[in-house]
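This report refers to the structure that appears directly beneath it.
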Amino acid sequence: MKPKTKSRLGLVLRLATLSWLLIHFTLTVGYVLPFNPAQAVAQPLLSATIGTFFSQNWRLFAPDPVSGDMALLARCMTPAEMASGAEKKLPSTGWHDLSTPLWHRFQENRFAAYDRVARPNTNTMRALMFGVPELMQACKKGSKEACTAYDENLKQVRTATMPRLTKIGSAFCKDLDADGGRFSHVALRLRETDGLPWSQRYEARPAPRDLELGVAAIDPDVARMGMFQQEQGQ
Amino acid sequence: MIKNAWSWLADDPRHRVGVRVLQVAIGAMLMFRVLTELPFAAYLWGPHGIGLSGNPSYFGPWLAGKLDVIFHSMAGTYAVLGAVALAAVGLVSGRHTRAATVLALFATLMLERRLPEVLDGGDNITRLTLTYMLFLLPADAKPVRRSLGVWVHNIAVVAIMAQLVVLYATSGIMKAAGERWHHGTALYVVSQVEWFSVPWVRSIFKNPFMTTIATYSTLLFQLWFPMAIFSRFKLVWLAAGIFFHLNIAIVMGLVTFSTVMIGLELFLITDEEFASLQAAGRRIVAGALERLGLGRVAEPQILLYIDGHCAHCRRAGEALRRLDRGGQLTIRSFRHHADYARFGISADALERRMHAVILATGEVARGFGAVQALARTMPLLWPARPLLWLIDRAGLGERAYDWLAARRTIVPDARACSDGACALPVAADEAREREVA
C-alpha cells in the first residue's frame, strides 16, 4: 500500500473510532438517565444498542434505598398432607426461612458465596413484587406510558419468576430429605419486614407480613444446594 | 486544545500502569468468584440448577440457544467456570492479557445469561470494562509510537474512564432525586437491611451526625466525581473513593463490586502520577527503614552465587534483588564470574547448590544454609524465618533443597543471559562494586 493511501486510511480509522466513542457514550447517557420524554422516543434505538450489548443500571441504592427485608419461606409437604387438603389451608408450622440464615452467615464471613446463593431468592422476589423499579417510579409520577410498560412487564416477570422460586423451594426440600421421596410439594411464602423510619429508630421492628406465593409440585431433578440443611441446623 | 487532545490519543499508549492494576483487580475478582461459587455450580448454573437461561440479549436468540448446550452437562458448566479461572490467572499474571480478556468476557457472559439474578453492580461494570479492555494493548506489548494500535488503546482508555464517569454521575443524579438521600437518612435505612449490613453498624447509623455526614458525603462524592477527576483534587477524590469502597466491602459485603471499583479508581491514575507516587512511597519506606536501623548499608553483607544458566535460579535472583531494600546482597552467576575460587568454593559445588558468602566473616553457607543466611540478613524475609527454622529442625531443609536443585533445567545458551534476566544480577553486581570502590 502506498504511504499516502495508508496514511489516509489510518486517519479514516482514527476518525471512525473517535466517532464511535462519541455516539456510544451519547447513547449510554440516554439509556442510563432517569425516565424522560426523549428516552421514551428513543427507546427502540436505546434498547437495540446499549440495552442489548452494553446494558447497565447504576441506580445503586437510588433514588430511595432498599428499606426492608424480603425473605423466602418454604414448607415442604408430604403426599399425605397434600391428600388431607393442606394445600387449601396451609400448615402454620414447619416453615423454613431460606434467606435470613444465609444473610447472617454472610455477615460473619464476607469472603464466601452466601450472598451469591441468597441473591436469586431475593432478586426473584423483588422482581415478582416490583417489576422494573424505574418504570414504577415514573408511573407513580404520572407517566401513562410508564404505567402501561410497568404493568406489561410485571405480568411477564410474574410468569417467568415462579418456576425459579419453585426450583429454589424444591432444592431446599431435597436438601431437607436426604433419602428423597418424602415430600411431593413445596409451599412458598414471601415474608416482608419493613424497616423503621428515622423517627422510630429506637423502637422494635414491626411484625413481618407474609404473602402466600402458592404450592407447587417439587421438581425432582433440581440440583441440591447442599447448604440449607446445615444453615437450618438440621 | 483539540491538538493536545489529538496528540494525547495518538502519540503514546496511556495509563499502562493503570491498565495493569485494572487487569489485576478484575482477575482477582473473577478468581474470588470462581473459588467461592464453585461448590454451588450445580445449584446455580448446572443442567438441573435454578438457572433458566431466560435472557437472550447479547448473543441473540439463535446463538444463545446453541450456547446453552454447554450448560446441559456438569462438565460443560465446570468448563465455563474453568475458563473464568484461566482468564483470571492471565489477567492477574499479565500473560496473554488480550486472550484472557476475550475468555473472561465470553465466560462471564455465559454465566450472566444462565442466571442473571445472581449478579450485582460489580459484575455489570466488569462486563462493560472487559468489553472496552478488548481494545487495550497487551501488557507486554511494545507498540510503535503514533501507530493505530496506540490510538485504539487510548480510545479504549477513554471509554473505560467515560464509563466510570457515567456510573458515578448517574448514581449521583438518581440519589439526588431520592427523598431519603435529601433528608440525610439513606444510610440509616440501608443499615437496617440484613442483606446489606452488619449488626454492629446499626447503632452507628442511629447517630444523627454519623448518618447525615455519611449520607451527604456519599452523595457529594458521586455527584462531584466527574468534575473532581479532571481537577487538582483528583488524587484526593480517588483516595476517598478507595476508602468508600473498602467500607462498602466490609459493611455491605459487596466485595467483588468494591474490588473492581477500586481497580477502576486506580486505573484513572496516569503513568506519570504512578511514577511520582512510587518515588514518594520509596522515600517514605527508605526513611522508615533508616529510622528503624534497617536503612541501606554502605557495603553488601552477602555475596550470593547462583546458576545463570537456570531460568528458575535467575528469576529467584531477580526476586531477591527486588526484596533487597537495604542493599545487603550482591548476586552473581557462577557461570559468568569465576571469582568464587577465592572463597574456596569449587565449580562442582556451585553446580549442585547455591552458595552465600558472608562477607564480614568469609564464612560460606551452602544450599538450604544459604537460604537461611539470606533470611537472617534481609528484613523482608524475616517473616519466613520461623518456617525455615521448623523445616531445618525437621531435617528437611537440605533434602528439599537438593531435590529441587537436582531438577532445575539448565540451558547453557548465550541468549538465556542476553534477555535481561541474567544480565541484571551482573549489572547490579558491577554497579555495587563500583559503589563500594
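These values consider heavy atoms only, across backbone and side chains, with no hydrogens, waters or symmetry-generated copies. Each chain gets a letter, A, B and so on, in the order the sequences are listed, and its residues count up from 1.
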Contact origin within [X] toward chain B - heavy atom pairs under 4.5 Å:
X: Val29(A); result: side chain
X: Leu11(A); result: side chain
X: Leu165(A); result: neither

Just checking, any donor-acceptor pair under 3.5 angstrom between side chains of Trp151(B) and Thr17(A)?
yes
Counting heavy-atom pairs closer than 4.5 Å to chain B, which one of Trp198(A), Phe106(A), Trp103(A) comes out on top?
Trp198(A)
Closest approach of Asp69(A) and Gln192(B), non-hydrogen atoms and distance?
OD2-O, 4.0 Å
Nearest heavy-atom pair of Gln163(B) and Phe25(A): which atoms, and what distance?
N-CE2, 3.6 Å
Side chain / backbone / both / neither for [X] at chain A, heavy atoms under 4.5 Å:
X: Ser171(B); answer: both
X: Trp6(B); answer: side chain
X: Leu119(B); answer: both
X: Thr256(B); answer: side chain

Pair Trp58(A), Asn124(B) - check side chain to side chain contact (heavy atoms under 4.5 Å, CB included), show working.
CA-CA 9 Å; Trp58(A) 308 125; Asn124(B) 197 341; 3.8 Å; yes
Kindly compute the distance separating CZ (Arg201(A)) from NZ (Lys206(B)), expressed to the nearest 0.5 Å.
8.5 Å
